Amino acid sequence: MGQVTAGLGFLLLYIAVVWTLRDQPLARSIVGNSVLVASAALIPIIVLRRRRQWTGCQRLFWDVIAIAMVLWVVGHLGWAYDQLVRSEQAWLKWHTIFSLSAGIGPLVALLARPHLGPRSNAVASTAVTIGAYCLLAAFVYSYFTLMPSLVAEALPGAQSRLLKFVQFNRLAILIGMAASFWFARRTAWRSTYLRLAIGVAIGVILRYSVNQAITRGEYQVGSAYDFAWIVPWLFYAWAALETPPSPTVSPVADEAHEVSPVSLLAVPALLVPLVGYGVLNIQSVGEPVDSFRLFLTSLATVGVLGLVTLRLASQGTELQRADAKLQLLAAATEHTDDLILITRADGTFEHANAAFLRAFGHSRPELATLTFTDLIEHGVDSVRHGIAAIVKAQGVWRGTLRGLRKDGTAFPAACTITALHDASGRVTHFVGVARDITDDLRLRDQLVHSERLSAIGELIAGVAHEINNPLQTIIGCTELMLDDPDASNRTDLELVRKEAMRAGQIVRNLLAFARRGAPDRVVTDLNDLVRATAELRDYHLHQVNIDLVLRCDARPLPVLVNPEEIRQVILNLLLNAEHAVASSGAKRGSITIETLASGGTHSVDVTDSGPGISPELRGRIFEPFFTTREVGEGTGLGLSISHGIASSHGGSLSLADSPGGARFRLSLPAATDESAMRLFAGGAPPRALVVDDDDAIRKLIVRLLERRGFEVSEARTGEAAMALVRERQPGIIICDTAIPSLGGIELYRQLAEQDLQLAPRFLFIADDKASGESADVVESGMPVLVKPFTASDFESGLVEAGVTAPRTH
Ligand code: ADP
C-alpha cells in the first residue's frame with residue numbers, strides 16, 4: 001500500500017510542478033524529460049539491487065527488462081536532445097530504435113517463463129531465443145518504419161506505421177502479461193505479472209490519446225500525456241520491488257526441467273526471410289530503400305540462422321552432459337551392492353543390475369521369462385500379491401521378503417519398492433531395491449545370544465557370591481573339628497569337608513563362567529587332566545557296556561588353565577557322550593577321548609557312537625538352558641558353561657564333523673612360559689623342595705605336595721636347601737621365613753644372585769605377616785601363607801606362586 005500511495009503522491013506532485021511551470025516551456029521540458037528518464041531508470045536500479053536474490057530464468061526475466069529500460073533511457077535522452085537543443089519532436093530518428101526496446105523488452109522477457117521456477121539449465125537456450133525475437137523486432141521496425149522514412153514520400157506512412165507498431169506492441173505485452181498472470185495464478189509470481197499487466201494496460205489506454213495528440217501535433221513533453229510512460233514505468237518498478245526471491249531448489253530438482261524448446265526459434269527464422277523478401281515484391285517503396293531492405297533481410301536471416309546454430313550447439317552440449325549423467329547413473333546402479341530391479345506395471349522384467357543377477361543366480365534372458373512374484377518364496381501369498389496394490393495406493397512399500405534363488409534356496413532381503421508414473425499418473429514401472437540381510441540377522445542373533453549369556457552371567461555371579469560365605473563357614477568349622485584328635489566321626493567330617501570343597505569349586509567355576517571370579521591358572525599337562533577325568537567315569541562306563549578308549553599324545557601337552565574348570569569341561573563332554581550313547585538304544589557303544597597337539601594349540605576330542613546332532617540343533621546346543629532331555633534330567637547349562645570356560649581360556653569348544661555320532665573338540669592355547677615348561681621337562685613329575693625346621697609342619701606339607709603329584713625333597717636349614725636346589729633343581733620351594741643358618745628371604749636372595757639356570761618359584765610360610773622377616777617378604781610381593789592354614793589355603797598359595805600340578809587322585 002505504501003508504494004501505491006508514494007506513486008500517487010509522485011504523480012500529483014508532477015502535475016502540480018508542470019502546472020506551475022505552464023508558462024515556462026523550457027523549464028517544463030526539462031522537468032518532464034527528467035521525470036521520464038528518472039522513472040524509467042528506477043527499474044534497472046531496483047533490478048541491479050535485487051538481482052542476486054533471483055537465479056536462473058527468474059533473474060534472466062528481470063535482466064532483460066532492465067536492459068530494455070536502460071536502452072529506452074538512452075533513446076529518450078536522444079529524443080530530449082532533439083527536443084531541447086534542436087526544438088524538434090522527432091519520432092523517427094536513430095534513437096527511436098532504443099526507445100522501442102521498452103516495448104519489446106518485457107514482451108520477449110516473458111519467454112523466460114519465470115513462474116516455472118529458476119531452471120538454471122534453461123538460461124542459455126532461453127537467452128538465445130530471446131535474442132532471436134529481439135532481432136525479429138529490430139528487423140520489422142527497420143524494414144517497415146526506419147528504411148521507408150529515409151524517402152521523403154514514404155515518411156508519413158512510416159510515421160503512422162510506427163505509431164501503430166507501438167500500439168500493437170503494447171497490446172501484445174498486455175496480452176502476454178495477462179496470459180502469464182493466468183498461467184501463474186497459483187504461483188508466487190502471480191502479483192508480479194498482475195502489476196506488470198495493470199501498468200501496461202494503463203499505458204495502452206493513455207498511449208492511445210498520446211498517439212492522437214502526436215498525430216494532431218499537440219503533444220508536449222512535461223504534460224499529463226507523459227503519464228502514458230511514467231505510470232507503466234512506476235508499475236514495473238513496483239513489480240520489480242515486490243517480486244519474490246528465487247526459492248533454494250536442489251540442483252537436481254532445478255535441472256529436471258526442460259530447456260526452452262527449439263521450435264520457438266522457428267518463428268523468427270521463418271518470418272524474417274518470408275516477410276523480408278515477400279513484402280519487397282508486394283509493396284515496393286523504390287530505390288535505394290528496396291536495396292537496403294534486401295540487404296537488411298539477408299543480414300537478419302543470417303543473424304537468426306546464426307542464433308539457431310548457437311542454440312543447437314548449446315543443446316548438443318546439454319545432451320552430452322545429460323548423456324554423461326545417464327552413464328554415471330547407469331554405472332552407479334550396476335556397481336552398487338544393493339539388488340536393483342525394474343519391472344513393468346504387469347510385473348514382467350525390464351532391468352536387473354549385476355548384484356541382483358548374482359544374488360538370484362538367474363541370467364537376464366532367464367529373468368525375462370519370469371515375473372516378480374516368481375522370485376519370492378511361496379507361503380506368504382497374500383503379501384506377495386498385495387505389494388503392487390500397496391505401492392499403487394501409497395507410492396512405496398517397505399518390508400522384508402524371502403528371495404527365491406534359482407537353485408531353490410531362499411534368503412531374507414530388506415526391500416523398498418516404489419512406482420514410476422507417466423504424465424497422466426498411470427503406473428508404468430516398479431523399482432525395487434533390496435539388500436540381502438542374512439549376515440545382519442546372524443549378527444543380531446549373536447547379539448541377542450550374548451545379551452542373554454551376559455544376563456545369565458549376572459545372575460550366576462550374584463548367586464555364587466551368596467553361596468560362597470556359608471561354604472566358607474562349613475569348611476572352616478569342619479576343619480576345626482578335624483583338628484580335634486578325638487573327633488569320633490572323622491570319616492563323616494572328611495566327607496563334609498570334601499563335598500563343601502567341591503561345592504566351592506563349582507561356585508568358582510560358575511564365577512569364572514560369569515567372568516567375575518579370579519581365575520586360578522596354572523600350567524598343567526592336558527593329558528593328565530584327561531586321564532584323571534576319564535578315570536572318574538571308567539568304572540561306570542564299563543558297567544553300562546560303553547567302551548572308553550583313551551588316546552593320549554605321547555608328549556606332555558602343557559596348557560595354562562584352571563585345572564578344575566577344564567576337568568569340568570571334559571567331564572561334561574563325557575557325560576553328554578555317555579547319555580547320547582545310552583539314548584541310541586544300542587547294546588554296546590564307545591566313547592573315544594583323544595588328545596592332540598597341532599601348532600600352538602592343544603586339544604581334546606570326545607567322540608561317541610551315539611545318534612549325533614541334527615543340523616537344526618547344531619546352532620542351538622551351546623545356548624544356555626537348551627536341552628533335549630526330559631524335564632529334571634538336563635539343565636541345558638553344561639555346554640554353555642563349558643563353552644564359556646573354553647573361551648575364557650582363550651580357546652574354543654566346538655562341534656566337529658564326525659561320521660555317525662557326535663564329536664566335540666576342546667582346543668586350548670599351548671603354554672609357552674619357559675619356566676612353566678621346565679616343570680614338565682622329560683615328562684617327569686614336577687619337583688618341589690620344602691624347607692622348614694619344624695618336622696611336623698614339614699611332613700604335612702610334603703604329604704600335601706605328594707598328594708598333588710609332586711616329587712618332593714625336604715631340608716631343615718638354608719644351607720641344606722642350597723645344596724638340594726643345585727642337585728634337584730625344584731620347580732617350587734616352600735620355605736618357612738624363619739629357618740636356621742640362613743633365613744628364608746636370604747635363601748631366596750642368594751639363589752636369585754647366583755642366577756641359577758632354575759630360578760624357582762617361592763611360597764613362604766610365616767607365623768604372622770607383620771613380624772620380622774615375613775614383613776620383608778610381604779613387602780617384596782612374594783606369596784606368603786600364614787599359619788595355621790587350611791589345605792585349600794595351601795592350594796591357593798601354590799596357585800599364587802604360579803605353580804601347581806593336577807591332583808593324581
Ligand atoms: P544338557 O546335557 O543338560 O541337556 P548341554 O548344554 O550339555 O545340556 O547339552 C545341550 C544339548 O546338546 C543336549 O540336550 C543334547 O540335545 C545336545 N548334545 C550335547 N552333547 C551331545 C552328544 N554327544 N550327542 C548328541 N547330542 C548332544
Side-chain angles (χ1 to χ4, degrees), residues 445-446 448-457 459-460 463-464 502 505-506 509-515 529-530 533-534 536-538 540-541 544-551 564-596 603-649 651-667:
D445 285 352
Q446 272 174 12
V448 170
H449 187 194
S450 59
E451 288 281 324
R452 218 184 298 162
L453 276 181
S454 87
I456 291 167
L459 191 75
I460 289 173
V463 173
R502 200 162 73 87
Q505 188 55 48
I506 291 171
N509 286 348
L510 284 176
L511 280 174
F513 170 71
R515 294 193 183 80
L529 290 177
V530 167
T533 319
L536 283 177
R537 301 303 297 168
D538 196 23
H540 176 76
L541 289 172
V544 292
N545 280 341
I546 298 175
D547 301 326
L548 180 63
V549 184
L550 201 60
R551 281 195 215 118
E564 290 294 341
E565 285 184 348
I566 297 303
R567 223 173 308 158
Q568 188 191 338
V569 174
I570 300 168
L571 188 64
N572 272 340
L573 295 180
L574 205 53
L575 289 172
N576 277 350
E578 196 180 311
H579 184 263
V581 174
S583 73
S584 73
K587 284 206 176 120
R588 268 208 104 74
S590 72
I591 297 174
T592 310
I593 309 182
E594 198 175 359
T595 61
L596 31 120
S603 27
V604 189
D605 278 7
V606 180
T607 315
D608 63 62
S609 63
I613 296 168
S614 64
E616 305 88 68
L617 296 187
R618 279 175 167 257
R620 303 200 55 200
I621 52 171
F622 292 104
E623 279 182 18
F625 305 115
F626 175 78
T627 179
T628 52
R629 299 206 215 168
E630 294 292 312
V631 179
E633 265 192 48
T635 58
L637 273 174
L639 283 179
S640 63
I641 290 186
S642 302
H643 189 270
I645 292 174
S647 307
S648 70
H649 280 83
S652 65
L653 177 65
S654 57
L655 183 60
D657 284 332
S658 152
R663 172 183 296 179
F664 283 88
R665 170 167 292 183
L666 167 69
S667 299

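Just follow the structure's listing: the first ligand is 1, and inside any ligand the first atom is 1. Source: prediction; values computed, not measured.
When each atom of ligand 1 is checked for a heavy atom of A662 under 4.0 Å away, the hits are 22 (C), 23 (N), 24 (N). Residue G612 has at least one heavy-atom neighbour below 4.0 Å for each of these atoms of ligand 1: 25 (C).
If you check each of A577, S583, A580 against atom 24 (N) of ligand 1, the one with the closest non-hydrogen atom is A580. Nearest to atom 12 (O) of ligand 1 by heavy atom, out of L655, I621, N576, T627, is I621. Nearest residue to atom 16 (O) of ligand 1 from T628, V581, I591, I613 is T628 (criterion: closest heavy atom).
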Decide yes or no on side-chain contact (heavy atoms from CB on, under 4.5 Å) for T592 and D605, but give the supporting numbers first.
-> CA-CA 8 Å; T592 310; D605 278 7; over 6 Å; no
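Of all non-hydrogen atoms in G610 and V581, the two that sit nearest each other are N-CG2, 3.9 Å. Between S640 and F622 the shortest heavy-atom distance is CB-O, 3.1 Å. Heavy-atom minimum distance, G589 versus S609: CA-OG, 3.4 Å. Among all heavy-atom pairs drawn from S642 and N572, the shortest one is OG-ND2, 2.9 Å.
The only member of L574, T607, D608, I613 that meets side-chain contact (heavy atoms from CB on, under 4.5 Å) when paired with F664 is I613.
Residue-to-ligand polar distances place L639 within reach of ligand 1: an N/O pair is separated by less than 3.5 Å.
Proximity of D608 to ligand 1, defined as any heavy-atom pair under 4.0 Å, is confined to the side chain (atoms from C-beta onward).
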